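Before any comments, here is the structure.
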Amino acid sequence: MTAELPVRLTFAESIAVLTIDNPPVNALGWAVRDGLMRGIQAAEADAAVHAVVIVGAGKAFIAGADIREFGQPPRAPWLPEVCNAIEACSKPVVAAIHGPALGGGLEIALSCHARIAAPNAKLGLPEVQLGLLPGAGGTQRTPRLIGAAAALDLMLSGRHASAQEALRLGLIDHVATTATTSADMTAEGIAWARHLLAEGRAPRRTGEQTEALADRAAQQAAIDAAQAQASKARGLFSPLQIVACVQDALDLPLADGLRTERERFTACLASPQRAGLIHAFFSERETAKVPEAKQGTPRPVQQVGVIGGGTMGAGIAVSLLDAGLRVTLIERDDTALQAGRGRIAKVYEGQVAKGKLSADGQAEKLGRLSLATDYAALADADLVIEAVFEDLAVKQAVFAQLQAHCKPGAVLATNTSYLDIDAIAASTTRPQDVIGLHFFSPANIMKLLEIVVPAQVSPDVVATAFELAKRLKKVPVRAGVCDGFIGNRILAIYRTAADHMLEDGASPYEIDRMVKAFGFPIGPYEMSDLAGGDIGWATRKRRAATRDPKARYVQIADRLCERGWFGQKTGRGWYVYEAGSRQGKEDAEVLAIVEAERQRAGITPRAFSTEELERRYIAAMVNEAAKVVAEGIALRPLDVDVTLLYGYGFPRHKGGPLHHADQLGLATVLADIQRLAEEDPLFWQPAPLLVKLVAEGRNFASLN
Ligand code: 3HC
Ligand code: NAI
């Protein structure tokens with residue numbers, strides 16, 4: 001084999017070394033599988049070879065099957081065949097692992113007769129996150145090696161275990177404490193193979209191990225517990241399949257278990273959930289690929305200012321401190337400043353109480369926070385994020401201060417939810433430095449960061465924002481300037497569609513139940529109670545003057561707010577909350593208010609089926625999303641999908657609204673919208689992009 005091949009066979013005396021070299025992460029595409037198969041066969045056939053080492057080149061052992069190949073016609077050798085061939089090898093085979101050994105990568109390692117790892121190894125079976133199960137023997141070999149409970153935990157969570165944890169679990173045999181690189185692990189693997197040979201050990205085949213499963217009652221109890229847990233996973237297909245595979249590992253001989261695993265893997269592969277989850281996997285990596293990231297050069301960021309220590313400012317500060325940055329918090333006065341610091345400290349106190357953070361860690365983080373009421377404290381800031389009240393005049397006043405005190409080249413960002421960032425930028429003398437960084441609440445937890453790009457901003461500033469997102473471990477999405485950017489603009493429309501259905505006869509509880517049955521963690525009315533109904537009320541009042549008088553306006557929420565029913569914080573909103581409870585109960589008085597409002601509006605209520613509720617809700621979402629794409633507010637359909645997945649709880653296994661629309665068929669969605677337009681032509685104006693795609697027989701994926 002030559003150096004160009006993705007699997008190289010070299011020799012260290014009697015030890016054959018198979019090095020997988022398929023950048024960036026040594027995924028197991030066909031050429032790698034073929035190379036591994038040939039390599040094992042060559043080692044088996046060569047009498048001069050006494051043992052084999054498998055190692056990854058570059059930064060990984062093997063990150064798993066090549067996800068891009070799923071959905072394409074399979075090409076032999078299949079991964080299970082490669083794994084079986086490795087396990088069957090008559091000479092000891094050692095997996096020498098550094099970096100990720102995930103999915104099929106770990107399955108290769110499990111087929112080897114010994115496993116050693118560098119401290120930086122990450123071992124896991126994350127297939128469940130892609131709607132799959134470990135399909136190359138992982139469901140059969142893992143329980144045989146480490147027992148059902150630990151195997152199920154790894155497979156159902158998809159989490160990565162460290163080398164030390166893997167050692168504790170019995171997943172690996174040894175941690176090579178000073179190794180980090182491929183070269184280190186090649187040397188360690190060779191040494192381990194020599195050690196096995198010196199001891200005269202026969203290959204220890206994982207598939208033949210019986211000890212970990214010996215206590216059958218304990219195994220069955222673990223399987224039953226996992227079954228109960230997996231049944232609760234909202235509508236997900238693969239977790240229950242994984243549990244069934246582990247049951248087979250307990251009950252069946254290896255060959256039969258491998259066969260049923262294959263059948264179940266194929267069923268997962270065919271599931272639309274697999275397509276949705278893999279779309280999500282690639283999309284969340286694609287969103288960082290924006291033109292400005294290529295054109296611009298990120299500016300260095302170490303010192304950050306945060307203006308406003310309220311809900312968002314405090315969360316943003318925590319996120320920045322967690323990433324190792326130094327933060328200066330600015331507030332209106334000392335009282336507000338101390339309140340802001342208190343919010344930040346409270347997050348860390350909670351983490352300390354839960355044992356997630358040490359007292360030293362807390363002190364170190366808070367040690368990087370400084371407080372000021374004078375903007376002069378921002379003289380050294382590389383970046384400032386404004387999170388003051390949602391009021392253009394207030395924000396413009398803040399930006400005037402920033403312009404006066406910040407050094408040239410400092411990035412000036414606003415966390416506004418709706419306001420016109422072009423107008424904020426235009427009020428400064430440095431519009432090239434002004435950008436939107438729209439965090440989601442709670443800002444230290446939510447992964448989404450909308451990076452809102454105003455007309456005059458420099459590509460360097462956009463590139464800086466994307467670089468910052470990476471440091472904060474956020475998923476960045478580029479958005480254009482408009483009312484609500486990508487996410488809140490679409491939310492406003494599907495929430496309005498829900499209100500229309502409410503007034504026409506559906507109950508808020510039916511709508512919430514439908515939305516949760518679809519896969520969202522929470523319904524729109526529960527969400528309003530959680531966030532506080534007063535927030536939306538203030539926005540509605542602000543917009544009243546500019547609202548199209550011909551547009552339908554449902555007043556029900558206003559009636560609740562007028563009573564001071566803002567949701568959880570007032571004990572009452574769309575639901576009633578007993579003192580101290582976040583679990584709301586349905587409220588007959590709310591239904592009476594809804595009914596009175598229908599009468600006032602002259603509406604005779606009618607029943608809605610769950611299907612009708614869902615179709616309208618989704619049609620409203622997709623229609624607005626298509627407008628957002630056509631206007632360039634989102635670069636591609638996948639940017640909308642990632643926004644809704646990470647900021648709004650759209651179920652990941654459905655891939656996002658536009659992936660979901662492709663699955664439904666765009667003609668079907670458009671037909672729904674056109675039918676609804678007969679009732680309310682102003683609200684249901686079909687998006688021209690949707691009409692065009694249907695006419696051309698194309699889907700949203702063709703625009704990604
Ligand atoms: N197949 C194909 N491409 C992959 C891949 C895979 N398994 N894993 C990563 N990539 C690609 C990414 O798409 C990305 O491509 P891009 O540069 O064009 O955007 C590139 O590799 C680098 O990936 P990341 O940006 O994610 O790099 P990180 O260093 O942040 O993370 C990682 C590396 C931890 C390996 C992460 O990529 C990861 O978690 N990958 C997926 C692992 C996985 O799910 N494996 C199971 C696959 S299913 C399976 O094995 C089935 C079997 O049981 C039969
Ligand atoms: P908040 O009311 O909790 O906090 C605002 C803070 O700004 C207060 O602590 C106030 O004292 C301070 N402040 C006001 N004027 C100031 C000034 N001139 N100088 C210094 N500090 C000043 O509001 P919240 O919810 O944190 O929102 C802040 C911004 O974030 C708004 O623009 C909002 O639209 C946006 N946002 C809010 C989200 C949410 O879920 N709450 C989500 C995403 C964005």
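Counting convention: from 1, in listed order, for ligands and their atoms alike. This one's a predicted model, so the numbers in the text were calculated from it and none came from an experiment. For reference, positions follow the sequence shown, starting with 1.
- Closest heavy-atom approach to atom 11 (O) of ligand 2 within the set Glu331, Met446, Glu390: this belongs to Glu331.
- Here the side chain of Gln273 pairs no donor or acceptor atom with the backbone of Gly131 at under 3.5 angstrom.
- Side-chain contact between Met527 and Trp574: absent, with no pair of heavy atoms (C-beta onward) separated by less than 4.5 Å.
- Counting the atoms of ligand 2 from 1 in the order shown, those under 4.0 Å from a heavy atom of Gly308 are 7 (O), 12 (C), 21 (N).
- By the 3.5 Å distance cut-off applied to N or O atoms, Met312 is counted among the residues near ligand 2.
- In this structure a side-chain-to-backbone donor-acceptor pair under 3.5 Å is missing from Asp66 to Trp30.
- The closest side-chain heavy-atom distance from Cys245 to Leu133 is below 4.5 Å.
- With 3.5 Å as the limit, one finds a donor-acceptor pair spanning the side chains of Tyr646 and Arg652.
- Contacts with ligand 2 closer than 4.0 Å are made by side-chain heavy atoms of Ile307 only, the backbone lying farther away.
- Counting heavy atoms under 4.0 Å from ligand 2, residue Val398 touches it through the side chain alone.
- Of all the heavy atoms of Tyr418, none lies under 4.0 Å from any atom of ligand 2, so neither backbone nor side chain is involved.
- Contact check on Glu69 versus Arg33 returns a salt bridge, with a Lys/Arg side-chain nitrogen under 4.0 Å from an Asp/Glu carboxylate oxygen.
- Between His438 and ligand 2 there is a heavy-atom distance shorter than 4.0 Å.
- When the shell of 6.0 Å around CH2 of Trp537 is examined, it contains more than 12 heavy atoms from other residues, nucleotides or ligands.
- One finds a salt bridge joining Glu165 and Arg159 here, because a Lys/Arg side-chain nitrogen approaches an Asp/Glu carboxylate oxygen to under 4.0 Å.
- Each of the following atoms of ligand 2 lies closer than 4.0 Å to a heavy atom of Ser417: 33 (C), 34 (O), 35 (C), 36 (N), 37 (C), 43 (C), 44 (C).
- Shortest contact from atom 43 (C) of ligand 2 to any protein heavy atom: Phe439 O, 3.1 Å.
- Looking at Ile435, Leu383, Val434, Ile307 one by one, the single match for side chain to side chain contact (heavy atoms under 4.5 Å, CB included) with Leu412 turns out to be Val434.
- Looking at Gly313, Ala387, Ala531 and measuring to atom 5 (C) of ligand 2, the nearest heavy atom belongs to Ala387.
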What does the contact table look like for ligand 1 (nitrogen or oxygen on each side, cut-off under 3.5 Å)?
unit_1	atom_1	unit_2	atom_2	d
ligand 1	1 (N)	Ala65	O	3.4
ligand 1	1 (N)	Ile67	N	2.9
ligand 1	7 (N)	Ala65	O	2.8
ligand 1	18 (O)	Lys289	NZ	3.4
ligand 1	19 (O)	Lys289	NZ	2.8
ligand 1	26 (O)	Arg285	NE	2.7
ligand 1	26 (O)	Arg285	NH2	3.1
ligand 1	29 (O)	Lys59	NZ	3.1
ligand 1	45 (N)	Ala63	O	2.8
ligand 1	50 (O)	Ala65	N	2.9
ligand 1	50 (O)	Gly104	N	2.8
ligand 1	53 (O)	Glu107	OE1	2.7
ligand 1	53 (O)	Glu127	OE2	2.5
ligand 1	53 (O)	Gly135	N	3.0

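- Counting protein heavy atoms only, atom 4 (O) of ligand 2 is closest to Gly310 CA, 3.2 Å.
- With a 4.5 Å cut-off on side-chain heavy atoms, Thr414 and Phe399 count as touching.
- A side-chain N or O of His279 and one of Asp641 form a donor-acceptor pair less than 3.5 Å apart.
- Annotation: Arg343 places no N or O atom under 3.5 Å from an N or O atom of ligand 2; distance criterion only.
- Side chains of Gln303 and Thr328: a donor on one and an acceptor on the other come within 3.5 Å.
- A side-chain hydrogen bond (donor to acceptor under 3.5 Å, both in side chains) with Thr139 is found for exactly one of Gln241, Glu127, Glu261, namely Glu261.
- Counting protein heavy atoms only, atom 2 (O) of ligand 2 is closest to Phe389 CE2, 3.5 Å.
- Atoms of ligand 2 lying under 4.0 Å from at least one heavy atom of Lys395, given by number and element, are 31 (C), 32 (O).
- Ring centroids of Tyr648 and Phe520 are separated by 6.0 Å or more, keeping the two rings apart.
- The nearest protein heavy atom to atom 23 (O) of ligand 2 is not closer than 4.0 Å.
- Below 4.0 Å from some heavy atom of Tyr375 lie the following atoms of ligand 2, by number and element: 19 (N).
- The nearest heavy-atom contact from the protein to atom 3 (O) of ligand 2 is Thr311 N, 3.0 Å.
- The single protein non-hydrogen atom nearest to atom 40 (O) of ligand 2 is Ser441 CB, 3.3 Å, given as residue, atom name and distance.
- In terms of protein heavy-atom proximity, atom 16 (C) of ligand 2 is nearest to Arg332 CG, 3.3 Å.
- The list of salt bridge (charged side-chain N to carboxylate O under 4.0 Å, His left out) pairs with a residue in residues 263-272, not counting sequence neighbours, reads Asp248-Arg264, Arg259-Glu263.
- Residue Phe440 places no heavy atom under 4.0 Å from ligand 2.
- Across the listed options Val388, Asn415, Thr416, Val388 owns the non-hydrogen atom lying nearest to atom 31 (C) of ligand 2.
- Taking the centre of each ring, Phe61 and His98 stay at or above the 6.0 Å mark.
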